Amino acid sequence: MQNTSTIPYQALTYTSPANLDAPDGSFKLDGLIVERLTPPPLAKAKKQRIETFLSDQTTTREMVATKIAKRDRYGRQSIFIAKSGIPENQDESQTTLLQEALLNDGLARVDPQSVSAACADRLLAIENQARDAEKGIWRIPRYQAKDATKLDLSNIVSRYQIIHGTVKSISRNKDRTSYLNFGRNWQSDFTVSLSKKSLATWEEKNKSLDELSQAHIYVRGWVEDRGGPLIRVLRPQQLWVKQIETDALQAGTDRNLLRHIDDK
């Protein structure tokens with residue numbers, strides 16, 4: 001935790017979709033996609049979950065931020081909000097993050113680009129459980145994983161999506177951008193791109209990109225219009241096969257996520 005700092009806890013007021021306002025400034029939850037949930041009942045459920053967490057007087061609450069985190073263009077500082085207490089019928093104190101609570105209820109999605117790899121893995125493990133159980137947003141088609149061969153670009157461009165499909169061809173280039181193609185026409189079919197740095201980082205954690213040929217994979221990220229839909233992979237956690245996802249879920253059992261906030 002040497003790269004994190006604890007901020008004196010303040011009374012926070014939540015304003016959708018992301019603001020947590022306090023007398024000394026404005027904050028947002030680190031590690032989560034900033035988005036306004038639809039339909040409205042989901043946004044209401046998210047607001048209630050946050051307010052319930054923040055108003056829990058039976059626990060000790062704290063705000064934690066990474067020291068390298070900068071305020072965004074709206075002046076918000078990214079933070080983790082934790083509460084600690086001894087649950088009923090338990091002997092030891094447990095720490096829970098607000099981020100974990102929202103993900104567990106299916107009321108948020110992980111942004112793996114904004115946190116450490118270990119922290120992203122843990123948050124994604126919780127998100128995966130909620131997605132498999134179809135909690136909250138995961139019951140809504142807008143948020144569910146899309147088939148790469150049945151994409152409607154107009155409905156997904158500039159939105160954060162999870163897309164799955166079989167890799168038809170690979171253009172791997174360790175010195176330039178690499179591509180995974182999901183159709184015969186790369187100019188109109190779905191494509192995934194990895195920069196030179198992203199390729200090296202992904203292969204360090206996984207296997208050679210070439211081994212994904214004909215594999216059924218999942219990718220998450222913001223969809224761009226490049227003739228056809230495209231997602232840029234910037235972090236290894238954005239691209240996976242189902243077995244890797246299952247392994248990560250089984251490995252992500254450490255409940256004290258705070259210790260992983262600044263892990264590399």
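Computation of the quantities below employed the complete heavy-atom set of this structure, encompassing side-chain atoms and omitting hydrogens, waters and symmetry-equivalent molecules. Quantities reported herein were computed from a predicted structural model and do not represent experimental measurements.
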Contact between [X] and [Y] at the side-chain level, heavy atoms closer than 4.5 Å - yes or no?
X      : Y      : result
Lys207 : Leu212 : yes
Thr59  : Ser84  : no
Val115 : Ser78  : no
Arg76  : Asn19  : yes
Gln10  : Phe27  : yes
Leu180 : Val233 : no
Ile81  : Ile50  : no
Leu12  : Tyr14  : no

Handout entry: side chain to side chain contact (heavy atoms under 4.5 Å, CB included) between Tyr179 and Asn173, worked out
Key = CA-CA 8 Å; Tyr179 297 94; Asn173 192 318; over 6 Å; no
Please check if the side chain of [X] supplies one atom and the backbone of [Y] the other of a donor-acceptor pair under 3.5 Å.
X      : Y      : value
Arg109 : Ile137 : no
Thr191 : Asn181 : no
Glu127 : Val110 : yes
Arg61  : Leu54  : yes
Asn206 : Trp202 : yes
Lys146 : Gln144 : yes
Ser26  : Gly75  : no
Tyr143 : Thr38  : yes
Lys46  : Leu102 : no
Gln238 : Arg220 : yes

I need the [X] [atom1] to [Y] [atom2] distance, nearest 0.5 Å.
X      : Y      : atom1 : atom2 : answer
Trp222 : Arg159 : CH2   : CZ    : 10.5 Å
Asp56  : Lys83  : CG    : NZ    : 4.0 Å
Ile162 : Trp240 : CD1   : CH2   : 5.0 Å
Lys196 : Thr177 : NZ    : OG1   : 11.0 Å
Leu98  : Leu32  : CG    : CG    : 8.0 Å
Ser114 : Asp72  : OG    : CG    : 11.5 Å

Exercise for the section: Decide if atom NZ of Lys205 counts as having more than 12 heavy atoms of other residues, nucleotides or ligands within a radius under 6.0 Å. Expected result: yes
Problem - Exceeds 12 heavy-atom contacts within 6.0 angstrom, atom CD of Glu204 - result: no
Do [X] and [Y] belong to the same hydrophobic cluster, where Ile, Leu, Val, Met, Phe, Trp and Tyr are linked whenever their side-chain heavy atoms lie under 4.5 Å apart, directly or via other members?
X      : Y      : result
Leu230 : Val167 : no
Ile126 : Tyr160 : no
Val219 : Val241 : yes
Ile170 : Phe182 : yes
Ile33  : Leu37  : no

Handout entry: Between Gln237 and Asp121, a side-chain donor and acceptor under 3.5 Å
Key = yes
Practice task
Show your reasoning for whether side chain to side chain contact (heavy atoms under 4.5 Å, CB included) applies to Leu151 and Leu153.
Solution key: CA-CA 6 Å; Leu151 298 178; Leu153 182 59; over 6 Å; no
Fill in the blank from the handout: When Leu234, Leu209, Ile231 are each screened for side-chain contact (heavy atoms from CB on, under 4.5 Å) with Leu239, the one that passes is Leu209
For a quick test of reading the model, state the closest non-hydrogen atom pair linking [X] to [Y] and the distance between them.
X      : Y     : answer
Val34  : Pro17 : CG1-CG, 4.4 Å
Pro23  : Ala11 : CD-O, 3.8 Å
Arg36  : Ser16 : NH1-OG, 3.3 Å
Ile140 : Leu42 : CG1-CD1, 3.8 Å

Problem - Trace of the side chain to side chain contact (heavy atoms under 4.5 Å, CB included) decision for Asn104 with Lys135 - result: CA-CA 8 Å; Asn104 184 66; Lys135 293 183 178 179; 3.9 Å; yes
Exercise for the section: Kindly assign one of parallel, tilted or perpendicular to the pair His216 and His164, based on the angle between their ring planes and the thresholds 30° and 60°. Expected result: tilted
Exercise for the section: Could you list all the salt bridge (Lys or Arg N to Asp or Glu O under 4.0 Å) pairs where at least one residue sits in residues 166-194, not counting sequence neighbours? Expected result: Arg172-Glu203
